[in-house]
Amino acid sequence: MWFNSDVPPLGDFEQLTMLAVLRLDEDAYGAAIQREIETQTGRAVSVNAIYTTLDRLEAKGLLRSWIGAPTQERGGRRKKHYGLEPRGLAAISQAYRTMRRMSRGFERLLERS
Amino acid sequence: MSRQLRLLPLVQWLLRHRLPEEWAEFVLGDLEEEYHRRRRHSSFEASVWLLRQTLVCLSSPVPASRRRIEPLTIPRIALRPGYLLRSAGRTFRARPLLTISCIGILAAGIGSATAVSAAVHALLIRPLPLPESERLVSGYALREGFDPFGTSLAEYNAFKHYAASFESIGVARSQTSTLRSGGDTVRVQAAAVTSDYLSTAGVVPALGRTISPADDRPGSSAVVVISHSLWVRHFAGQSDVVGRSLTIDGRSASVIGVLPPRFDLPAATEIWFPLQVTIDTLPVQDRLASTYMPLARLRPGAAIGRANQEIATIVKALAGEYPQRRGWTYRAIGLRQQLLGDLDGRTTRIVGVVVTAVVFLLVICCVNVANLVLLRAADRERDEAIRVALGASGSQLTLERLAESMAIGLAGGAAGLALTAWLAPVLSTLNPVRPAAFGPALTDVRFDSLAIAIGATIAGLTTILVAIVSHTRSDSRADVAATLAASGPRTGLGRARRTRLRLLVAAQIAVAVLLLVGSGLVLRSFAALRDTDVGFRTRGIASSQLTLPPRMFNDHARRAADLERLVASVREIPGITNAGITTNIPLQRGSFDSFFTVEGRAGENPNDVPITGHRVVTPEYLRLLGVRLMKGRLLSEGDTAAAPLVVVITEDLARQAWPGEEPLGRRIRRGRSSDATNPWLTVVGVVGDVKEDRFNFRTDRAAWYLPYAQQNSSAPPNLVIESEADFETLTAAVRRRIRAFDPDIAASELVPFDVHLAELIVTERFAAVMLSALACAGLLLAVIGLYGAISHIVRAQQPEIAVRIAVGAARGRVVVMVVREVMLVAVWGTIVGGLLAAVGANGLSTVLYEVKPHDALTYGSVAALLIVVSVAAAFGPAMRAARVDPVALLR
């Protein structure tokens with residue numbers, strides 16, 4: 001469909017969230033995504049911001065969610081898992097390509113500083 | 001472990017109330033899982049982390065469900081009026097007092113505007129119950145300085161033949177007749193009419209026919225046409241009335257027709273009979289008697305202005321034929337205007353002023369409601385910004401707000417119509433205009449479909465105006481961040497909003513100033529009119545018209561003696577301090593005038609026909625009237641029929657007759673210089689000027705007073721009494737005394753002179769009362785608007801004020817700051833309003849009496865009043881602001 005190609009541009013934190021979901025694959029849920037972003041970026045993130053962004057991305061049709069089984073360490077509570085929709089993959093790919101295109105020729109400079 | 005046990009349940013308990021149900025499980029699960037993981041490294045860091053996460057969740061909105069914000073589109077909303085109704089209902093429940101205030105203010109504005117529109121429609125627009133009544137005109141003859149005169153048969157005849165603008169014209173002469181009804185004789189209002197009078201009116205008889213030219217010929221049989229009410233009353237509505245006879249003024253006449261209900265031209269007439277005269281063969285005096293009322297019908301398309309041009313030419317030609325008519329003019333006016341007694345258009349102008357004032361009040365109401373709606377919108381702007389941030393569409397919010405305005409407008413309109421239904425009969429009663437005929441048609445303010453349509457239109461326009469004024473603001477998402485930033489708890493009111501609030505309040509003050517200046521001018525004019533020195537006393541005196549039996553008119557000397565004895569007898573009634581006789585009651589219709597000739601005055605301009613008010617009085621009359629004696633003496637008991645003939649004149653007459661000379665001892669007589677039949681009268685006294693004329697009430701008029709004993713006057717005498725007692729109770733005593741004196745003398749009720757005076761300025765009084773009420777309402781609304789706005793501004797500025805107080809600002813300075821803010825708005829509003837009033841007041845100049853449209857006192861008082869009231873309204877909010885506890889607020 002023609003409009004599927006027209007994926008929305010992603011904000012900075014949205015990109016981080018999408019990449020975390022991509023990296024975690026089947027194991028992407030709130031606490032794990034939060035941990036992944038903190039570990040990889042060194043940035044302190046609130047659970048609140050994570051869920052607000054996940055909810056928004058799902059509303060835009062970039063992510064899908066499903067409910068997992070309850071676990072002991074969560075006090076018997078269930079997880080809400082997230083996965084990329086094809087549109088989500090298209091959106092994060094576009095963001096990556098944009099970044100690549102914009103930084104072409106400056107790789108060495110950018111890597112070094 | 002103990003810390004874990006204490007902290008986790010606390011956090012979970014706190015967040016459970018804050019998190020949406022569908023999120024609580026995942027968020028709480030994540031927090032617990034991560035907390036346990038972190039505790040493995042450092043229990044303290046884990047606790048700090050948990051607390052931080054909890055605080056963030058508590059302070060900022062958690063991801064609310066998208067399903068809660070219904071992204072409605074316009075067509076879907078249109079299909080769901082219930083949603084908008086619910087939305088409006090929610091607003092009402094949130095701020096019931098505010099909503100009720102809005103509805104009440106709108107109802108007052110819409111109700112008064114609709115009721116006044118309905119009254120104006122009845123008075124000035126609604127057609128009379130006659131075919132094409134807008135083409136009907138009447139007219140009156142004019143002579144400089146005199147009350148308007150009726151029309152003469154000479155004028156009627158000339159207009160009938162030469163005025164091309166008139167399709168037809170007829171005249172009527174009103175009179176009081178007696179009708180024999182069973183064994184009783186009753187008084188009825190009758191009119192002698194030419195055959196073209198009723199046909200010009202276009203009235204179609206309910207039964208029989210109207211008067212034909214054959215009926216109108218001298219010597220034709222006596223016929224009458226009767227009114228519908230007389231037919232019902234006298235003939236019990238029997239259909240065989242035509243052909244039956246009536247005894248009118250002792251003569252038998254046969255009924256030829258019954259007119260339809262509500263027709264009572266010329267003046268509440270119940271019986272019409274043919275005039276039956278041949279004008280050309282009448283004596284000149286009768287031909288020129290200005291005692292008729294004309295009714296003409298303009299040709300289709302003819303204008304009254306054109307008719308008046310023709311009439312001017314015709315009247316000029318008449319003056320050539322009849323020298324007595326030199327200096328006279330004639331004016332045709334619309335029948336409606338004549339019926340309303342609005343000969344100079346003053347009533348119409350006053351009605352216009354009242355209507356303008358009502359419109360201004362309506363404007364203040366609209367601005368006030370817009371102000372209130374805007375303040376409420378400000379209160380929840382932050383909520384709306386958040387809703388927009390979470391996905392609510394701008395159009396949805398706009399529609400919701402419009403729905404609220406519509407709901408308020410509709411409720412206000414409905415309440416306004418209910419108010420109109422109540423006000424309409426009140427206005428009918430209060431209406432100061434007493435039409436000469438067609439009374440109910442002109443004064444009955446009806447709450448009919450037209451009034452409802454007018455009210456609905458006004459309500460619709462009002463709603464749109466309120467919606468436009470209160471809702472024109474941007475809703476683009478780009479503004480959301482700015483709104484959220486600007487409406488945070490630690491910041492003041494947005495600059496744009498503050499400006500708009502100030503503008504709205506200043507606009508209300510400006511319109512209130514306009515209303516106050518208008519009503520102030522009219523009030524001062526009314527006071528000047530009421531306090532006009534008429535040159536005689538009006539308090540504590542009353543008059544009663546006496547109807548003497550015909551036999552008393554046979555012998556003048558005897559009549560004078562009889563009346564003298566009657567007056568003496570009345571004077572003995574307890575409570576009556578003085579009594580006298582006069583032929584003319586001041587300020588009443590039908591005053592008597594006379595030509596006069598000055599002895600030794602040669603070279604009289606033939607066009608100059610001097611006229612004076614002609615009063616034949618007993619000596620006591622002048623004393624109890626309280627006229628000021630300037631020179632010589634008043635009339636005395638010694639001025640008998642045998643004594644030398646004397647006269648007392650007013651200063652104005654003295655100036656006219658002997659300019660710059662001594663009038664005492666000089667001689668003057670009745671009639672024109674060519675007419676030597678009347679004897680010379682010696683001036684024995686000069687009294688101050690009097691304002692006795694009804695229509696020229698505001699000007700001094702020449703008048704003379706002649707002793708009743710020396711002048712044979714056939715005019716019906718009036719008994720005038722002076723008393724401190726209640727005149728209503730005195731009437732019975734006076735009538736008893738008169739009946740005992742001569743049972744054939746009838747006396748009308750005693751009417752105080754005050755009442756005559758009050759009747760003259762009843763329209764002005766009505767305008768003054770109406771305008772004052774409207775201006776007070778306008779001022780009240782403007783002050784409420786100012787108070788509401790300043791309270792809001794102060795509330796929004798409280799954090800700023802708190803900071804100022806915290807860093808050492810004196811609380812007095814806070815009060816000054818708030819008052820200065822109000823003064824700024826009030827002064828600007830007053831200046832703009834004053835300027836508008838200065839321009840608008842020129843329109844008032846024709847209804848003002850002895851007050852300039854730019855009367856400095858009025859403008860100054862209004863400005864002072866507005867500023868004092870504004871500062872008083874600001875004082876409460878200012879004091880509240882100064883009492884702010886900075887520590888509590890900033891914490």
Side-chain angles (χ1 to χ4, degrees), chain A residues 8-9 11-14 17-18 20-21 24 26-83 85, chain B residues 4-5 7-16 18-41 45-46 48-71 386 389-393 477 481:
Chain A
D12 167 44
F13 194 69
E14 284 176 337
T17 310
M18 297 281 283
V21 172
L24 290 166
E26 291 289 302
D27 205 23
Y29 64 94
I33 296 169
Q34 184 186 19
R35 207 151 50 223
E36 185 67 22
I37 294 177
E38 279 191 4
T39 314
Q40 299 300 331
T41 66
R43 213 163 124 171
V45 182
S46 74
V47 66
N48 201 5
I50 294 287
Y51 273 115
T52 304
T53 310
L54 286 171
D55 188 47
R56 188 164 62 233
L57 290 171
E58 191 181 9
K60 288 181 184 174
L62 305 180
L63 293 180
R64 70 198 139 87
S65 68
W66 66 96
I67 310 294
T71 62
Q72 182 60 42
E73 55 180 354
R74 295 170 64 85
R77 293 185 188 88
R78 295 174 299 174
K79 292 174 185 169
K80 188 170 189 179
H81 291 273
Y82 286 88
E85 286 280 9
Chain B
Q4 176 207 347
L5 282 177
L7 193 60
L8 252 184
L10 176 69
V11 164
Q12 284 168 352
W13 178 81
L14 277 174
L15 290 180
R16 209 172 289 129
R18 182 70 174 157
L19 292 169
E21 209 177 87
E22 64 265 43
W23 288 100
E25 181 179 5
F26 314 126
V27 174
L28 291 178
D30 282 356
L31 286 178
E32 186 167 343
E33 180 190 322
E34 189 62 17
Y35 174 67
H36 287 310
R37 200 184 63 78
R38 287 178 186 251
R39 274 194 83 231
R40 280 180 226 134
H41 302 287
E45 279 176 17
V48 170
W49 178 87
L50 184 61
L51 278 176
R52 229 189 73 223
Q53 298 292 329
T54 307
L55 280 176
V56 171
C57 281
L58 285 176
S59 63
S60 309
V62 289
S65 167
R66 288 187 311 281
R67 283 176 296 281
R68 269 203 187 169
I69 306 155
E70 298 173 52
I386 290 169
L390 293 176
S393 71
R477 280 156 193 260

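Sequence lines set the chain letters: A, B, ... in the order given, protein chains first and strands last, and positions in each chain run from 1.
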Checklist entry - Salt bridge check: are B:Glu33 and A:Arg77 linked by an N-O gap of less than 4.0 Å? => result no
Item to check | Atom group of A:Gln34 that falls short of 4.5 Å from chain B, counting heavy atoms | outcome: side chain
Item to check | Residue B:Trp13 excluded, over 12 heavy atoms near CH2 under 6.0 Å | outcome: no
Next on the checklist: Need one label for B:Leu31: side chain, backbone, both or neither, based on atoms under 4.5 Å from any heavy atom in chain A.
Outcome noted: side chain
Checklist entry - Quick one: what part of A:Ile67 sits under 4.5 Å from any heavy atom of chain B, side chain, backbone, both or neither? => result side chain
Checklist entry - Would you call the rings of A:Tyr29 and A:His81 parallel, tilted or perpendicular, where under 30° means parallel and over 60° means perpendicular? => result perpendicular
Item to check | Ion pair check, B:Asp30 and A:Arg74, cut-off under 4.0 Å | outcome: yes
